[in-house]
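Bear in mind that the values here come from a model prediction, so they are computed numbers and not experimental data.
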Amino acid sequence: MSATPSPAGRSRLAASLETLNPEQRRAVEQTDGPVLILAGAGSGKTRVLTHKIAFLTERRGVPGRDILAMTFTKKAAEEMRTRIRELTGGEDGIWIGTFHSVFARILRTEAPLVGYHRDFVIYDKEDQERLVKQLIEKLGHSAKQVPPRMVASLISRSKNGLVSPQEFRSSNPGPMNAVTAEVFEEYQAALVANQAFDYDDLITVPIRLFREHPSVLEKYRRRFRYILVDEYQDTNRAQYRLVVDLSLGHRNLCVVGDDDQSIYGWRGADIRNILDFEQDFPETAVFRLEQNYRSTGNILKAAGSVVDKNLRRKAKTLWSAREAGEKVDVIEVEDEREEARRVVECIRDEVFRNKRNFRDFAVLYRTNAQSRAVEDGLRRAGISYVIVGGVRFYERKEIKDVLAYLKVITNPRDDLSLRRIVNFPIRGIGDTTLQKISAWAAERNLGLFESLGRVEEIPDIPGRAGKNMRAFHELIRKYAALKDEISAGELVHAVVDEIGLIAMFKDDTTPEGRGRIENLREFLNAAHEYTQTAEDATLSGFLEQIALITDIDRADLNSSAVTLMTVHCAKGLEFPVVAVVGLEDGLFPLIRDADGADDLEEERRLFYVALTRAKEKVILLHGRNRYVFNSRSGRIPSRFLDELDGSAVNVVREEPKRQVKRWSRFQDGDGNGYGYGTGESGFGRPRSPWDSDDFDDSPRPGAGRSGGRRPAHSPFQHGTRVGHEEYGRGTVLSVEGEGPRQTCLVRFDDGVEKKFLLRFARLERIQ
DNA sequence: CGGATTTAACTTTTT
DNA sequence: GTTAAATCCG
């Protein structure tokens, strides 16, 4: 932990400092006092941060342990750590982590001061909503009239804005808010009783800790002589308070951000934090990084012309020394299906002509629901892809069930998790029995777990249920005793074995069943890996790491696959080629109801983020119609497209296809296009796009396996063997109807009969 | 009590 | 079009 610079590190840093531009260099060398770095997209913000930290340790002799650097994702934290090591040749002891992980760590240490035990657990959004729902019902309201989701989000918003239940009650009139205030209070009490923190607590409880224990605040103030914050524009009021609290000792606070990339307002991020920084710290040194090293001139011009329409922003102009490059393509298509086809076309073309790899491409969308159409298109073209986001791994049911066991083992006071598993696997402990136990527990002010250990004393419990409860209680106790004896990996393994989870899904041969087993295996691997890599591998440490992981952290962007994700997810990343789909009014910008102008500005920033991910090429697509929510509707192009600087844009408009033509395209696409079968969840089958002689979705005559337009009859007939992703293999019994309404009756080998609309069915011919 | 079937809600973005 | 929750029946 010494700050002795290695000679190799010193020269490496010296050489690297030479490559910074003058403004970057000044920002790095301004180490003391408050510093605000306004760093435009692609302006080398991470370079400045890492060089600054290396500069502090190597040139100023600051010990690593005096430095605290905070990011929003684990991935960003890890990247920063790696790059600092490269510069310094191994300086360590620096606190680099996400906001949530840094303060979770501090809370672990100081837990007793805020009424918690060290083995607290962390509740995610689902846990949070379940608990809120329980409380709504406990207080005699119906979850139908008082939606738990809404209450939970009001509570969360209040906490992020540092509003107490009492303050909430007095400033929000109305019966609904009265219930919310009531639940809010109970919710906080329940968290303490369960020895759990929600995400918001990880920020707000330390604020309280510091206020109530000035000596503790003093300790951390003294310790963190230098504090650096990445993605500062995403901080909410509570985080801001915390950062300021910690900095007021040495006042060496350096924040890096870009107001144009503030896209988390809905989560409480407060753009005032960046716009007003200089008022909060009048002696602030401000640096503007305006040279973009990422994108070509046209991309930057397009992006700048859009964000320029925003009124609430710090004026700045990004410029690039790179060539103008290609113009940004704006492509109008019929619908999401053709949209996907055009994306595929672009990818094949770029791979072929410019020798690009699949990993060079990202397809970005506003909402996760849009991924399906793109996936279908890529799968049919045999292009492998990776989806980032969507249903998150650690939120899957099978994983959360195991997690609930682990949470109860580390912290038996976690009633919420206990409820989840007390009858999973089925132990004959149903609602009625559980009701009796909770009533009994509530009377005596006991936790559920403790009550389970005293079933004999509870009246009216059926003998069988009582026996099972005792066994369950024993099981948890056994592992609770073991948790410090064996590794987290071994423990997780033993628990999964004992409750027979894998065996439970074994007979389930559907893709979901196989996926579940695969997920469980991956989870076990994660536990073992944690055991091997973590310095101090405890079960609660493992649980904490999981609770704070983000989806982008798990993504492997190095595999040879196209990346699909939301624009939010893409922040901080870059790709040579970016396709943005669904640029239609109401979808991007997404409008739920007529909201204020601030929301539109955030949508515009989001579009700016999307554009600035690209290094060399951008295509923007919008459809004339699309399935949105429950119906297909006509769409008009996004207003953002009109805002693009015309000189940087190339508009491609395809004439609407004649009905008959479109229909023949469907025939081709579905007759043999589907059925590449994924096999792997989330991944398309890796194939070259051009080696496929049966991929062709276009209406060109002379293309496709059948040597031209498919005749108007179905490729299926009585007796044809077919496969289906979900139902497995089967035999066609009959084909009925004509044209787009043609249907096909299939009997699957397990006896199930299903009728499909051929136009949509994912049936493939098999031998 | 448990399993199967039906029904409702969901779709903004996530630490 | 999917998935979780509610309801019904054995």
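A:Arg635 and A:Gly623 make their closest contact through CB-O, 3.5 Å (heavy atoms, listed as atom of the first residue, atom of the second, distance).
Rounded to a whole Å, the CG atom of A:Leu600 is 15 Å from the C1' atom of B:dT12. One can place CZ of A:Arg464 at 11 Å from C1' of B:dG2, the figure rounded to the nearest angstrom. Protein atom OH of A:Tyr264 is 7 Å distant from nucleotide atom C1' of B:dT13, rounded to whole Å. Atoms CG (A:Asn468) and P (B:dG2) sit 9 Å apart, rounded to a whole Å. One interatomic measurement links the two molecules: CG of A:Leu242 to P of B:dT15, which rounds to 19 Å at whole-angstrom precision. Counting to the nearest Å, the P atom of C:dT2 and the CD atom of A:Gln370 are 17 Å from each other. Distance A:Tyr365 OH to B:dT13 P: 10 Å, rounded to the nearest Å. What separates CZ of A:Phe424 from P of C:dA4 is a distance of 13 Å, to the nearest Å.
Side chain A:Arg267 to base B:dT13: no donor-acceptor pair is found below 3.5 Å.
Under the rule for a salt bridge (charged side-chain N to carboxylate O under 4.0 Å, His left out), the partners of A:Arg272 that lie at least two apart in sequence or sit in another chain are A:Asp270. The side-chain hydrogen bond (donor to acceptor under 3.5 Å, both in side chains) search around A:Asp401 returns A:Lys397, A:Arg420, not counting sequence neighbours.
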Report task. Kindly indicate, with the supporting measurements, whether the criterion side-chain hydrogen bond (donor to acceptor under 3.5 Å, both in side chains) is fulfilled by A:Tyr385 and A:Glu375. Result -> CA-CA 8 Å; A:Tyr385 60 89; A:Glu375 274 180 79; 3.3 Å; yes
Query - Test side-chain hydrogen bond (donor to acceptor under 3.5 Å, both in side chains) applied to A:Asn160 and A:Arg237, step by step - result: CA-CA 7 Å; A:Asn160 282 324; A:Arg237 256 353 221 188; over 6 Å; no
Requested in this report: Could you give me the CA-CA distance, side-chain angles and deciding distance for A:Phe72 and A:Tyr264, then say whether ring-ring contact (aromatic ring centres under 6.0 Å, His included) is met?
Outcome: CA-CA 11 Å; A:Phe72 274 84; A:Tyr264 285 107; 7.5 Å; no
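If you check the side chains of A:Tyr123 and A:Asp201, you find no donor sitting under 3.5 Å from an acceptor.
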Atom pairs under 3.5 Å, N or O on each side, protein against nucleotides 5-10 of chain C: can you list them with distances?
none

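Taking side-chain N and O atoms only, A:Asn368 has no distance below 4.0 Å to OP1 or OP2 of B:dT12. The phosphate of B:dT15 has neither OP1 nor OP2 within less than 4.0 Å of any side-chain N or O from A:Thr73. For B:dC1, one of the phosphate oxygens OP1 or OP2 lies less than 4.0 angstrom from a side-chain nitrogen or oxygen of A:Thr432.
A salt bridge does not link A:Asp258 with A:Lys45: none of the charged nitrogens is closer than 4.0 Å to a carboxylate oxygen.
Side-chain proximity of A:Arg372 to C:dT2, B:dC10, B:dT14: nearest is C:dT2. With B:dT12, B:dT14, B:dC1 as the choices, the nucleotide that has an atom nearest any side-chain atom of A:Thr433 turns out to be B:dC1. Closest contact between the side chain of A:His100 and the listed nucleotides B:dT15, B:dG3, B:dT12 involves B:dT15. Residue A:Ile426 places its side chain closer to B:dG2 than to any other of B:dG2, B:dT11, B:dT14. In this structure, the nucleotide among B:dT12, B:dT11, B:dT14 sitting nearest to the side chain of A:Leu590 is B:dT12. Of the candidates B:dG2, B:dC10, B:dT14, B:dC10 carries the atom nearest the A:Arg149 side chain, counting heavy atoms from C-beta on. When distances run from any side-chain atom of A:Thr367 to the nucleotides B:dT14, B:dT12, B:dT15, the shortest one goes to B:dT12.
If you take atom P in B:dT13 and the same atom in C:dA4, they sit 16 Å apart, rounded to whole Å.
Counting non-hydrogen atoms under 4.0 angstrom, A:Phe99 reaches nothing in the nucleic acid.
Residues A:Lys125 and A:Arg427 both approach DNA chain B. Their nearest nucleotides, taken by heavy-atom distance, put A:Arg427 toward the 5′ side.
Residue ring and base: A:Trp266 counts as stacked with B:dT13 (centre distance below 5.5 Å, interplanar angle below 30°).
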